[in-house]
**Q** 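Submitted below is the structure of interest, expressed as structure tokens.
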Protein chains: 2
Amino acid sequence: MSRIKMSDVAKAAGVSAMTVSRALKHDGRIAPTTRTRILKIVADLGYVPDRIAGSFSSRRSGFVGVLVPSLNNPHFAETAAGLDEVLTRGGLQLLLGYTNYRAEVAERLIETMLERRPEAMIITFDDHTARARQLLLNAGIPVIEIWETPTKPIGHVVGFSNRSAAAAMVQHLIDSGRRRIGFIGERDDKGTRGAERRRGFIDALKAAGLDPSRRLATVAPPINMMFGRDAMTALLEKWPDTDAVMCVSDPCAYGALTACQLIGRRVPEDVAVAGFGDFEISRCSLPSISTVVVSGLEIGTRAGELTLQLLDGSCSDQMLILVDAYTEPRESSKIAG
Amino acid sequence: MSRIKMSDVAKAAGVSAMTVSRALKHDGRIAPTTRTRILKIVADLGYVPDRIAGSFSSRRSGFVGVLVPSLNNPHFAETAAGLDEVLTRGGLQLLLGYTNYRAEVAERLIETMLERRPEAMIITFDDHTARARQLLLNAGIPVIEIWETPTKPIGHVVGFSNRSAAAAMVQHLIDSGRRRIGFIGERDDKGTRGAERRRGFIDALKAAGLDPSRRLATVAPPINMMFGRDAMTALLEKWPDTDAVMCVSDPCAYGALTACQLIGRRVPEDVAVAGFGDFEISRCSLPSISTVVVSGLEIGTRAGELTLQLLDGSCSDQMLILVDAYTEPRESSKIAG
DNA sequence: TTGTAAGCGTTATCAA
DNA sequence: TTGATAACGCTTACAA
């Protein structure tokens with residue numbers, strides 16, 4: 001059973017392959033009757049067009065390469081979903097890869113993806129190798145970095161300042177009367193979003209004349225709930241009078257919350273807990289956890305829309321699109337008393 | 001700046017394109033010195049092979065199509081990660097799509113993916129349309145269904161019985177002394193894994209001579225924490241003497257747990273709570289939530305390995321690979337007393 | 001509205 | 001170990 005090809009359909013319809021191609025493509029320049037007749041034959045024969053041949057011929061792969069640190073993270077899953085929704089409408093398909101938060105994996109993925117001739121590349125801000133940057137620059141396609149506003153962007157940007165957003169949350173903790181504030185982050189976070197959040201923490205404390213040294217960072221990204229619990233336990237052992245903790249992400253914050261509950265520290269009366277990212281758990285936990293709300297979905301849809309504009313030529317400047325990221329106070333940082 | 005092609009590299013190296021192709025392919029039949037010389041030129045020129053042309057010529061896309069209901073679910077994220085790891089080793093690339101738990105989306109995705117000529121398709125068990133089945137059967141490539149053991153499989157299977165696994169968990173609740181057991185599931189779950197779990201719930205209660213009618217299913221999949229909370233609240237209103245609840249998934253169970261805590265029902269003393277899937281939250285919550293442990297990663301790696309075997313011809317039978325799914329009792333179903 | 005011809009960049013195949 | 005040639009199945013560009 002050798003595969004049916006376009007010429008087989010053409011033969012059956014008594015037309016040329018080109019006409020079949022037009023019928024399939026919703027190309028205006030075809031008689032409606034011809035089109036319906038061909039589509040019927042396509043269905044009857046079970047013809048499946050070969051996009052490899054099509055892409056090869058048209059030199060348009062129909063792919064957009066997307067790189068995220070992890071799929072197992074609602075943020076990036078939502079970003080991917082947003083991208084997918086918009087790009088599918090534009091007739092483009094996602095080629096999704098995840099780096100596991102490792103620069104060398106990202107480099108390898110970029111290389112592999114570029115062989116598929118994506119029409120654009122969308123990559124999550126992170127610590128990229130020089131070669132990865134070079135590959136992207138040489139590719140001659142739009143590159144969009146997301147989830148941060150890099151100081152030296154590769155191409156376009158759809159993101160926000162993790163540093164400012166984290167600083168704003170820490171300021172909220174200060175405003176709620178906390179003075180001995182700790183931070184739980186990730187080890188080896190050079191060039192990552194987590195490092196930016198840590199910087200924001202330090203910014204805010206320094207600006208308020210407070211001590212920014214209560215920091216713990218024992219595990220490599222991604223930090224999870226149990227690590228958050230362990231880290232909070234350790235932090236409270238090392239600095240027992242800590243009255244608030246800023247966590248690099250919500251799952252980590254939930255872990256920290258449970259650490260307090262196990263030890264018998266009341267949240268928010270004794271210790272305030274704050275997270276980052278508005279994960280489901282921070283809304284549903286008891287108490288609910290104050291967090292920085294940022295919409296992964298919006299980042300995805302905005303980046304997708306920008307991609308479409310860049311590809312259809314309706315946008316030619318280097319773009320910097322800022323998405324909103326704001327502090328949402330919840331029960332875990334209620335003012336004591 | 002027109003793209004560098006293989007013939008440019010060949011010219012620079014003073015060899016034929018075919019020799020460059022061999023050098024790039026780690027093909028044995030090339031002189032090592034020639035190979036290193038060519039690879040150097042490839043690097044210097046920044047040549048990126050065009051896999052579209054390569055695939056077209058070799059009639060091997062290097063793709064494996066993978067369909068999951070959602071990316072925003074640690075189960076499927078882990079399955080994708082496991083698949084990716086194994087298939088990458090085999091020189092294959094994932095073409096990932098998510099159905100949003102909708103059969104018509106799955107059908108469209110299958111159609112789109114098949115145009116890319118994947119070498120195999122791996123799809124999560126769910127309610128598929130007849131046309132989707134037909135497309136897969138006609139594709140002439142290995143098809144692997146995962147995450148369930150279908151009664152009439154399309155091709156190969158790597159999964160477990162959601163029904164038996166759920167029944168075993170409910171039996172555990174019965175063994176712990178519970179008699180008035182409820183179930184929180186999803187609405188419109190025809191042909192899904194959630195429906196199988198519901199059947200398992202009914203099986204176990206009927207076998208024990210207990211009433212299986214305390215069931216609530218108000219939202220479409222995927223059910224989340226907040227829906228779990230709402231559903232549990234409603235369930236306890238409708239059947240106040242309920243002494244245990246089986247939830248279709250862990251996030252739902254966590255929501256149910258918080259509903260109990262908000263209402264003032266003690267878990268596990270007054271009500272036992274059980275989930276499904278061993279999500280992080282069920283390990284880290286207070287109390288921890290009894291769950292059915294099943295490894296999404298294992299499903300992914302096993303399916304990946306099977307794919308490689310099917311493609312290299314070292315396996316030709318129709319395969320049914322069962323992965324383990326077992327009840328893990330935790331604090332939320334401790335025997336009262 | 002439809003058809004013809006050429007060619008997209010690589011690899012299979014066979015020959016040297 | 002290397003090279004020449006012929007596909008691969010479609011679309012572009014132009015002609016009719």
Side-chain angles (χ1 to χ4, degrees), chain A residues 1-39 41-42 45-63 91 112 114-119 139-140, chain B residues 1-39 41-42 45-63 91 112 114-119 139-140:
Chain A
M1 58 168 277
S2 98
R3 254 217 141 40
I4 293 164
K5 58 181 87 162
M6 196 176 268
S7 60
D8 299 324
V9 177
K11 204 170 299 172
V15 296
S16 74
M18 200 50 232
T19 304
V20 176
S21 177
R22 289 193 181 104
L24 255 19
K25 224 155 242 75
H26 304 245
D27 188 311
R29 297 163 333 186
I30 189 172
T33 60
T34 315
R35 203 171 104 77
T36 46
R37 185 164 49 93
I38 290 176
L39 290 184
I41 294 172
V42 163
L45 262 47
Y47 168 63
V48 178
D50 186 335
R51 273 204 81 162
I52 295 180
S55 294
F56 178 50
S57 176
S58 65
R59 263 145 306 173
R60 301 191 65 249
S61 67
F63 278 130
T112 314
L114 289 178
E115 296 186 350
R116 302 280 187 184
R117 298 290 186 263
E119 304 186 20
Chain B
M1 61 170 274
S2 97
R3 235 173 188 59
I4 293 165
K5 57 182 89 163
M6 196 176 268
S7 59
D8 298 323
V9 177
K11 204 170 299 172
V15 295
S16 73
M18 201 51 230
T19 305
V20 176
S21 177
R22 289 191 181 107
L24 254 19
K25 235 162 230 69
H26 304 244
D27 188 308
R29 297 164 330 190
I30 189 171
T33 60
T34 314
R35 201 170 106 78
T36 46
R37 184 163 51 90
I38 291 175
L39 290 184
I41 293 172
V42 163
L45 262 48
Y47 168 64
V48 178
D50 185 335
R51 274 204 78 162
I52 296 180
S55 294
F56 179 50
S57 177
S58 65
R59 262 144 305 177
R60 299 192 64 249
S61 66
F63 279 129
T112 313
L114 288 178
E115 295 187 351
R116 302 280 188 184
R117 297 291 185 263
E119 305 187 20

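Letters go in sequence order (proteins before strands), and every chain restarts at 1. Nothing here was measured: the structure is a model prediction, and the numbers come from that model.
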**Q** Among residues 46-59 of chain A, which contact DNA chain D at a heavy-atom distance under 4.0 Å?
**A**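 Heavy-atom cutoff 4.0 Å gives A:Tyr47, A:Asp50, A:Ala53, A:Gly54, A:Phe56, A:Ser57, A:Ser58.
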
**Q** Ignoring backbone atoms, test whether A:Thr19 places a side-chain nitrogen or oxygen under 4.0 Å from the OP1 or OP2 oxygen of C:dG3.
**A**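 So the side-chain polar atoms of A:Thr19 do come within 4.0 Å of the phosphate oxygens OP1 or OP2 of C:dG3, strictly under.
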
**Q** What's the CZ-P distance between B:Arg22 and C:dG9, to the nearest Å?
**A**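 In whole Å, C:dG9 P and B:Arg22 CZ are 21 Å from each other.
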
**Q** Check whether the side chain of A:Arg3 and the base of D:dG9 form a donor-acceptor pair under 3.5 Å.
**A**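 No pair found.
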
**Q** Side-chain contact, heavy-atom cut-off 4.5 Å: B:Arg116 with B:Ser55?
**A**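 SC-SC contact between B:Arg116 and B:Ser55 ruled out.
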
**Q** Separation of B:Leu114 atom CG from D:dG9 atom P, in whole Å?
**A**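 The answer, rounded to whole Å, is 17 Å.
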
**Q** Assuming nearest nucleotide by heavy-atom distance, tell me which of A:Ser7 and B:Ala17 is located more 5' along DNA chain D.
**A**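 The residue closer to the strand's 5' end, by nearest nucleotide, is B:Ala17.
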
**Q** Mind calculating the distance between CD1 (B:Ile30) and C1' (C:dT11) to the nearest angstrom?
**A**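 Whole-Å distance recorded here is 14 Å.
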
**Q** Can you tell me if CZ on B:Arg35 sees more than 12 non-hydrogen neighbours from other groups inside 6.0 Å?
**A**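 Above 12, so yes.
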
**Q** Tell me the interatomic distance from A:Arg60, atom CZ, to D:dG9, atom P, rounded to whole angstroms.
**A**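 For the pair A:Arg60 CZ and D:dG9 P, the rounded distance is 22 Å.
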
**Q** Just how far, in rounded Å, is P of D:dC10 from CZ of A:Arg117?
**A**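 Going from CZ in A:Arg117 over to P in D:dC10 covers 21 Å.
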
**Q** Rounded to the nearest Å, what distance is computed from the NZ atom of residue A:Lys11 to the C1' atom of nucleotide D:dG9?
**A**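 Atom NZ in A:Lys11 sits about 13 Å away from atom C1' in D:dG9.
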
**Q** Measuring from the side chain of A:Met18 (C-beta onward, heavy atoms only), which nucleotide among D:dG3, D:dA13, C:dT1 has the closest atom?
**A**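 So the side chain of A:Met18 is nearest to D:dA13.
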
**Q** For B:Asp50, which of A:Glu115, A:Arg117, A:Arg59 qualifies under side-chain contact (heavy atoms from CB on, under 4.5 Å)?
**A**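 When A:Glu115, A:Arg117, A:Arg59 are each tested with B:Asp50, the side-chain contact (heavy atoms from CB on, under 4.5 Å) holds only for A:Arg117.
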
**Q** Could you state the CZ-P distance from A:Arg37 to C:dT2, rounded to the nearest angstrom?
**A**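 Whole-Å distance recorded here is 8 Å.
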
**Q** With the side chain counted from C-beta on, respond yes when B:Thr34 and B:Arg22 share a heavy-atom pair under 4.5 Å apart, and no when they do not.
**A**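 No, side chains not in contact.
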
**Q** Looking at A:Leu114, is its backbone amide N or carbonyl O close enough to the side chain of B:Arg51 to form a donor-acceptor pair, meaning the two atoms are under 3.5 Å apart?
**A**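 No: the side chain of B:Arg51 does not pair with the backbone of A:Leu114.
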
**Q** Can you name the closest pair of heavy atoms from A:Leu45 and A:Ala12 and give their distance?
**A**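 Shortest heavy-atom contact: CD2-CB, 4.4 Å.
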
**Q** With nearest nucleotide decided by heavy atoms, which residue, B:Ser16 or A:Lys25, maps closer to the 5′ end of DNA chain D?
**A**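 It is B:Ser16, whose closest nucleotide lies nearer the 5' terminus.
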
**Q** So does B:Arg37 have more than 12 non-hydrogen atoms from other groups sitting under 6.0 Å from CZ?
**A**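 Above 12, so yes.
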
**Q** Measure CZ/A:Arg29 against C1'/C:dT4 and give the value in whole Å, please.
**A**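 Nearest whole value for this atom pair: 15 Å.
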
**Q** State whether A:Lys5 places a side-chain N or O below 4.0 Å from either non-bridging phosphate oxygen (OP1 or OP2) of D:dC10.
**A**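 A:Lys5 to D:dC10 OP1/OP2: no side-chain N or O under 4.0 Å.
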
